[in-house]
Amino acid sequence: MSVETHAHHEHPDVVGSRNRLGVILLLVADIAFALSMMFVYFYLRGQNVNDMWLPAATSDHPAITPLSASPGWTVTAIAAFGLLAHFYGLKGVRAGNQTQLKLGSLVAFVASAVALVYQFNTIATAPFTFNDGAYVSCFYMFAILNFVHLALTVFISLGNWNRSRLGLYVSDHWHVDIVRVWWVWMVVSSLLGAFALSYP
Amino acid sequence: MTTVMSKSVSAPGKSIIEKLNVFTAVALGAISAIVVWRLSLAFLPQDADSALIFSREDKITLLSMCAWFVGFMTGIGALVGPFRWLMGKDLSHEENMFLAGKDMGPKRYFRYTTDHKVVGIQYLFITILIFFLGGTLAMLIRTNLGTPEGGWLHAQAYNSIVGTHGILMIVGTIIMVTGPFGNFIMPIMIGARDMAFPRLNALSFWLIVAAAIPLLWGQFIGGITTGWSAYNPLASQAPLGMDGYIMYICIFAISTMVAGANITTTVVKMRAKGMTWNRTPIFIYGTVASVALALPAFPVFFLSQVLSAFDRALGTSFYNTKLGGSGWLYENLFWLMGHPEVYVILIPSLAALMEMAPVFTRRPLFSFNVAIMGIAGISGLSVLVWAHHMYISGWAPLLNAPFMLTTELISIPTGMLFLVLIGTLWRGRLWMTMPLMSIFALLWNFMIGGITGIYLSDVPADGFLHGSMYVTAHFHYTLMGAGLTGALASLVYWFPKMTGRMFDKTLSWISFWMVQIGFNVAFVGMFMVGLAGQPRRVESYAPTFNTANMVTTAGAYIIMIGMLVLLYGVISSARSGVKAPKNPWQAKTLEWTVDYPIPLENFDVLPTVTSDPYGYGKAQS
């Protein structure tokens, strides 16, 4: 019989493993959401209903031309840089190097904030209105939902850096491991959006 | 409680957590909504001439509803944990105990309480409330259909009542087993102290409460006139009440995802020592299959509604064919969730009845492995059948045959579960209780629901039956005749563990027979008018359908009386029922090994499981 009577006596690895599974399961839901977005994009692109995927020019409206995919790839690249910085910090804490953790977490946080601002700028300066056809709708869908993802990443990476700064990861670091799982998915989802928008 | 203390802070004076409850949540939610509403009115620019109808009003409505949501969740305390994590000030042990509702009495039911037993009771209460409201709307519908000319309700109000009844009942049936019993019973049944993530558990419940207000709000701004499926582009042209539907679904989807991750993690990681997968009760399998199915399915529904909101408020064109969108896109997204959702509802109810069958027959569950294969088979196939709802929509006719095949294939794993129940009943020493009779009722109702479903899965037959009352009768036989029957049996079965008192036996029998007789009267009548050609969702009908409609309405009133008897039984039994012994049914699962009231952490010493849970009639079991 087990004599363990309080969960807060559990070993951090046990709690960390449980939390990791929980986060992965939540990501399953987010992955389903992202794949649905891909379905929406390629479905509407394939259907091209009323030739309104990219509307041709009319007497009172110029033709809609797709944006370059480079802003999407740039955001993804900045996010990937943040992920690498987070990995760097994680490697440090695994080796017991708190300074490396703090540096990596800080750089990751800054990268996420830069990516967020860049994504916002992409949305704000897009040369469209919302009702300029199906491609434009899909562009905003990816951009707005990636913005939401990045906002969450800023929150998480800020917390991760702050906790590193306060020395909360000296005895165990499963939080940092789990934040890595989020970062990886964030970059993959951004990449999926950039990939889709590369095929207008 | 399942938290790890890293760097804790003691709480000097009264911490913020102690100040927050449902009243602060409602107040903050209402203030936020009013402030954002006023600001939006003042600062949102007027629409251009080319804007779609309702665009600015939709923006204002959706922003106000979002503000309600954020305000409510802040006011209930859902954001305290994340922000304390951000600041590096994790909750202290005392704060966690406070959140768990330790020594707090009834007040804990009005707070962001993390104890799974409190959350289970909260879910039970809200499920009853949802069924009460949804049932009242059903009675309004049936009363209006009591005469061919209708007219008792305004046509627009009738449409909205149909839509609201539909979505309320869908949500009610989704949570009716996994909510109350998945939360209260499941952790004890697997020998755990709590759920894996107690705060997420509270979050999943309070999200449902937060979602209720936009739905209610929507009733006053045009209602939900599209039916529960809210097809686009119909929904994009509907009144502002649709925004309430959109918010309701989005918030509910988040709740479902959170609950799915939580329940699955709890079962995978926190089963008692010795509880191998072969010794894990079948109810646990059913609960996990249901929430695991919901986990990838509901985000698709969520996205469908986000895009609907974009179309209405921003003027995008996901579903607007004039601008390159597609109504078929909505139908695909909706039914990609919509059909798995049927099994999200059914599987836990079936599993609960399979859990009870050995108890009331004093026999082991017949073919445990077949039961698991059946559950897995249904779960797997359920994601491959969605387009049978779209046969006559004209979408991809070449795919009709494959979808007909997958739909009919699902009869096989369903048949396995029938086999398990019948095999367990066969030559058992039947203990005639309401839960046992519910198994017979399920077999009867689900047989009718299943066989009539085969005709709907058949493309030529569906061409005639689609959109008729036949469809309505069919899905009520599955969701209500099978699903709700299992949930009501679960209520009577686990009532002693949840309240410490036995459910009044006489009332349970009266309620059972009235509901079952009323149900079969009501929906056989509905099958008749459906086969004769009466369309669904109509406010008046041809006089030729009158007799069967009157039969259906009479049946509905019998159901209503039966449900009111049950409600009275719940209240009177909880207040003054016979005190229950620890294990009134002599069952073998772990929840019956703990005394009532159940301690905060369920077990003084965590149990070790040494045998399977269905060893009735076996030596040393």
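Residue numbers begin at 1 in each chain, while the letters A, B, ... track the order of the sequences.
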Compute the centroid of each ring, for Phe155(A) and then for Phe83(B), and state whether the two points are separated by less than 6.0 Å. yes

Return the minimal non-hydrogen interatomic distance between Met141(A) and Leu307(B), and the atom names on each side. SD-CD2, 3.8 Å

Relative to chain A, which segment of Leu333(B) carries a heavy atom at a distance below 4.5 Å: side chain, backbone, both, or neither? side chain

Checking Ser17(A) against chain B: side chain, backbone, both or neither under 4.5 Å from a heavy atom? both

Of the non-hydrogen atoms in Arg163(A) and Trp85(B), which two are nearest, and what is the gap between them? NH1-O, 3.0 Å

Less than 4.5 Å apart, side chain to side chain, heavy atoms only: is that true for Thr321(B) and Gln47(A)? no

Is the shortest side-chain heavy-atom distance between Val40(A) and Leu329(B) below 4.5 Å? yes

Can you confirm whether Phe128(A) is buried at CZ, in the sense that more than 12 heavy atoms of other residues, nucleotides or ligands lie under 6.0 Å from that atom? yes

Separation between CG of Leu26(A) and CG of Leu295(B), rounded to the nearest 0.5 Å: 7.0 Å

Measuring heavy-atom distances to chain A, does Phe318(B) have an atom under 4.5 Å in its side chain, in its backbone, in both, or in neither? both

Considering only heavy atoms from C-beta outward, does the side chain of Phe130(A) approach that of Phe310(B) to under 4.5 Å? no

Taking all non-hydrogen atoms of both residues, which atom of Gly324(B) and which atom of Leu44(A) are closest, and how far apart? O-CD2, 3.8 Å

Toward chain A, the part of Asn262(B) with a non-hydrogen atom under 4.5 Å: neither

In this structure, OG of Ser317(B) is separated from CH2 of Trp53(A) (nearest 0.5 Å) by 9.5 Å

Atom OG1 in Thr265(B), atom CG in Leu21(A): separation rounded to 0.5 Å? 4.0 Å

Report yes if the side chains of Asn332(B) and Phe39(A) come closer than 4.5 Å at any heavy-atom pair, otherwise no. yes

Quick one: pull up CG in Leu86(B) and CG in Leu158(A) and give me the separation to the nearest 0.5 Å. 4.5 Å

If you take all heavy atoms of Ser326(B) and Val49(A), which pair is closest and at what distance? CB-CG2, 4.3 Å

What residue, out of Ser137(A), Ala32(A), Ala134(A), has the most heavy-atom pairs lying under 4.5 Å from chain B? Ser137(A)

Leu303(B) and Met37(A) have their tightest heavy-atom pair at CD2-N, 3.6 Å

Anything in residues 62-85 of chain A with a heavy-atom distance to chain B below 4.5 Å? Please list those residues in order. none

Point-to-point distance, once rounded to the nearest 0.5 Å, from CD1 of Ile144(A) to OG1 of Thr316(B): 8.5 Å

Which residue out of Pro299(B), Pro82(B), Ala253(B) racks up the most heavy-atom pairs below 4.5 Å with chain A? Pro299(B)

So how far is it from Ile24(A) CD1 to Thr264(B) OG1, rounded to the nearest 0.5 Å? 12.5 Å

Greatest number of heavy atom pairs closer than 4.5 Å to chain B - which of Ile156(A), Asp51(A), Val28(A): Ile156(A)

On a heavy-atom basis, which atom in Lys322(B) and which in Met52(A) lie closest, and how many Å separate them? O-CG, 3.5 Å

Structural part of Leu54(A) lying under 4.5 Å from a heavy atom of chain B: neither

